[in-house]
Every structure is written in structure tokens, then in C-alpha cells.
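Remember, it's a predicted structure, so these values are computed and weren't measured experimentally.
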Amino acid sequence: MYQTDANNPDSRLNVKFYQKAIQNNFKTALEGRPIMEMADFILIEIPGNSNLTIDTFVSETDKQRFPIQWARYQNEKTDGDIEGTLLHDWPVLNSAVAAELKHFKFYTVEQIAGASDAQLNTLGMAAGMSPLSLRDKAKAFLASAKDTALVQQQADELRKRDDELSAVKAQLAELAYKMNQPKAEPKAKPKAKAMETVEE
């Protein structure tokens, strides 16, 4: 249980929970574009000690160990669970426009592509183009990335098949080499001496 008294060593730590975008490598390869997911992190610092800083994924133990900081973080967290290509990774937009769109709660290209006309009308000319044009560009980007991902998957499958064929060819060549080697003459077995019977 969390204690607030000065005898609790945790009360002397600087603890901050925050969100960080992490690339999902499997989905990125599948879609052909960077797919990011928001993950909860914890930063723990010891005042006066610049050599020791913990910055890692949040565990259940962290939530129980620092319940006040966790509750504060949960109350302040507004982004929710975001998954997709973040706007600052989209070559169509510069970082200033991506930050402006974030103000309107648009974080990913997928959100722009799936937005209704009413949602887009709140943007005005925020992206330097009409909102409908921005949505069309987002849809085109996603479609192009999907096509690129399919081509990449097919190329990966062909490369894997070629590697397997090369391995089989190498095994066949080794077997053929072994079969063409002259066989050593079998050694003649020594004849067993006939046992002599002794008559009494």
C-alpha cells in the first residue's frame, strides 16, 4: 500500500507515467507503412543521482507501487488507444501541420481517411488544403501502402521459396557426390575353423 510518510523510500522518487508510440513490426510489414501503437511507460528518477534512471513499459507492479501517480496519469490521458500511421510519419504533412491536426484530435492517417464530412469541416484549411482533399490523399496513401505491402509479401515468399530450393539442390548434389564415390571393397571375413571332434 502507498504510504505518504517520509520514511517510505518511494516518496523520494520522481515518478512519471506517460505514453509513447511504439512501432508494431508485424503490422508494419503487413501494411507496408509504419503502424504505431501507443504504450504506457514509466519514468523513475532519483533526485541527485543522474546515473540511475528507469524508463520502461508499465507493469502491474508499477501501478500498485505508485497508485497516486497512476491515477493522475489515467485522468490526464486523453489520447486513448491509438493505432495506425501517425500523422508526423506521413510524408504529405510537415510536423507543424501534424501538430495542428493533433489539436483537433486527429492522430493517424487512418483517422483522416475514415473521417466524416462533418468531422473534416471542423478543420477548415488547417492542413493547407481542403479537408476533403486531405481525406482523399489519406485514402490514396493507405491504398498505395497496402499494394506495396502485398508486393513485398510476395517478394518475401519468393525469396523464402528460392532459399528452400537452394537448400534442396545442395542436398541433392551432396547425395549425388556420395553415390558416385567408389565403394570400398568389403573385407573378406576370416573363415571359421572347423571344429575338430575328439573321439574318446
Side-chain angles (χ1 to χ4, degrees), residues 16-45 49-65 79-95 98 106-114 135-200:
K16 178 185 175 189
F17 289 97
Y18 69 99
Q19 275 192 321
K20 184 171 164 182
I22 301 294
Q23 183 164 315
N24 183 319
N25 293 330
F26 175 76
K27 290 182 180 178
T28 294
L30 199 63
E31 296 292 330
R33 58 193 164 80
I35 300 292
M36 309 298 278
E37 294 177 349
M38 299 306 284
D40 294 323
F41 275 74
I42 184 171
L43 175 67
I44 302 174
E45 298 173 320
N49 186 345
S50 60
N51 296 325
L52 180 60
T53 299
I54 298 170
D55 191 358
T56 187
F57 289 97
V58 172
S59 69
E60 286 302 317
T61 306
D62 296 324
K63 297 174 188 178
Q64 293 168 7
R65 182 177 173 192
D79 294 350
D81 293 329
I82 296 171
E83 181 181 317
T85 301
L86 298 178
L87 290 178
H88 62 73
D89 291 332
W90 189 21
V92 171
L93 304 178
N94 62 38
S95 58
F106 285 101
Y107 303 100
T108 66
V109 179
E110 289 83 356
Q111 289 175 326
I112 296 287
R135 181 174 60 192
D136 291 342
K137 287 188 178 197
K139 288 180 179 179
F141 171 77
L142 295 175
S144 172
K146 199 162 195 89
D147 292 343
T148 303
L150 180 62
V151 170
Q152 184 61 45
Q153 287 172 1
Q154 290 171 341
D156 290 344
E157 288 171 9
L158 286 173
R159 188 169 29 257
K160 183 179 176 184
R161 189 196 65 188
D162 289 346
D163 291 345
E164 289 171 354
L165 282 174
S166 296
V168 169
K169 284 181 182 178
Q171 289 174 344
L172 287 174
E174 186 179 344
L175 284 172
Y177 175 77
K178 286 181 179 178
M179 291 185 74
N180 290 331
Q181 292 297 313
K183 294 184 178 179
E185 291 291 326
K187 293 182 180 178
K189 292 183 179 178
K191 292 182 180 177
K193 293 183 181 177
M195 292 184 64
E196 295 177 6
T197 57
V198 179
E199 293 183 17
E200 292 182 6

> For F41, what residues pass the ring pair (Phe, Tyr, Trp, His ring centres under 6.0 Å) criterion, not counting sequence neighbours?
Replying inline: Y18, F57

> Do you know the tightest heavy-atom contact between E110 and T85?
Replying inline: OE1-N, 2.9 Å

>> Nearest 0.5 Å, please: how far is CG in D55 from CD in E45?
In response: 8.5 Å

> In chain order, what residues pass the side chain to side chain contact (heavy atoms under 4.5 Å, CB included) check against L52, with sequence neighbours excluded?
Replying inline: I46, N49

> Who pairs with K20 by salt bridge (charged side-chain N to carboxylate O under 4.0 Å, His left out), at least two apart in sequence or on another chain?
Replying inline: none

> From L43 CG over to T53 OG1, what is the distance, rounded to the nearest 0.5 angstrom?
Replying inline: 6.5 Å

> Tell me the ring-ring contact (aromatic ring centres under 6.0 Å, His included) pairs involving residues 21-40, sequence neighbours left out?
Replying inline: none

>> Going by side chain to side chain donor-acceptor pair (under 3.5 Å), name the residues that satisfy it together with S59, two or more places apart in sequence or in a different chain.
In response: D62

> Are V58 and K63 close enough that some pair of their side-chain heavy atoms sits under 4.5 Å apart?
Replying inline: yes

> Under 3.5 Å, side chain of Q111 to main-chain N/O of T108, donor-acceptor pair present?
Replying inline: yes

>> Measuring from atom NZ of K137 to atom CG of L93, what distance do you get when rounded to the nearest 0.5 angstrom?
In response: 9.0 Å

> With distance as the sole test, does E37 use its side chain to make a donor-acceptor pair with the main-chain N or O of A21 at under 3.5 Å?
Replying inline: no

>> Once salt bridge (charged side-chain N to carboxylate O under 4.0 Å, His left out) is applied, what residue pairs with a partner in residues 161-181 remain, sequence neighbours excluded?
In response: E174-K178

> What do the steps show when you test F17 against D40 for side chain to side chain contact (heavy atoms under 4.5 Å, CB included), and what is the final call?
Replying inline: CA-CA 7 Å; F17 289 97; D40 294 323; over 6 Å; no

> Out of V109, I112, D136, which one pairs with F141 under the side chain to side chain contact (heavy atoms under 4.5 Å, CB included) rule?
Replying inline: V109

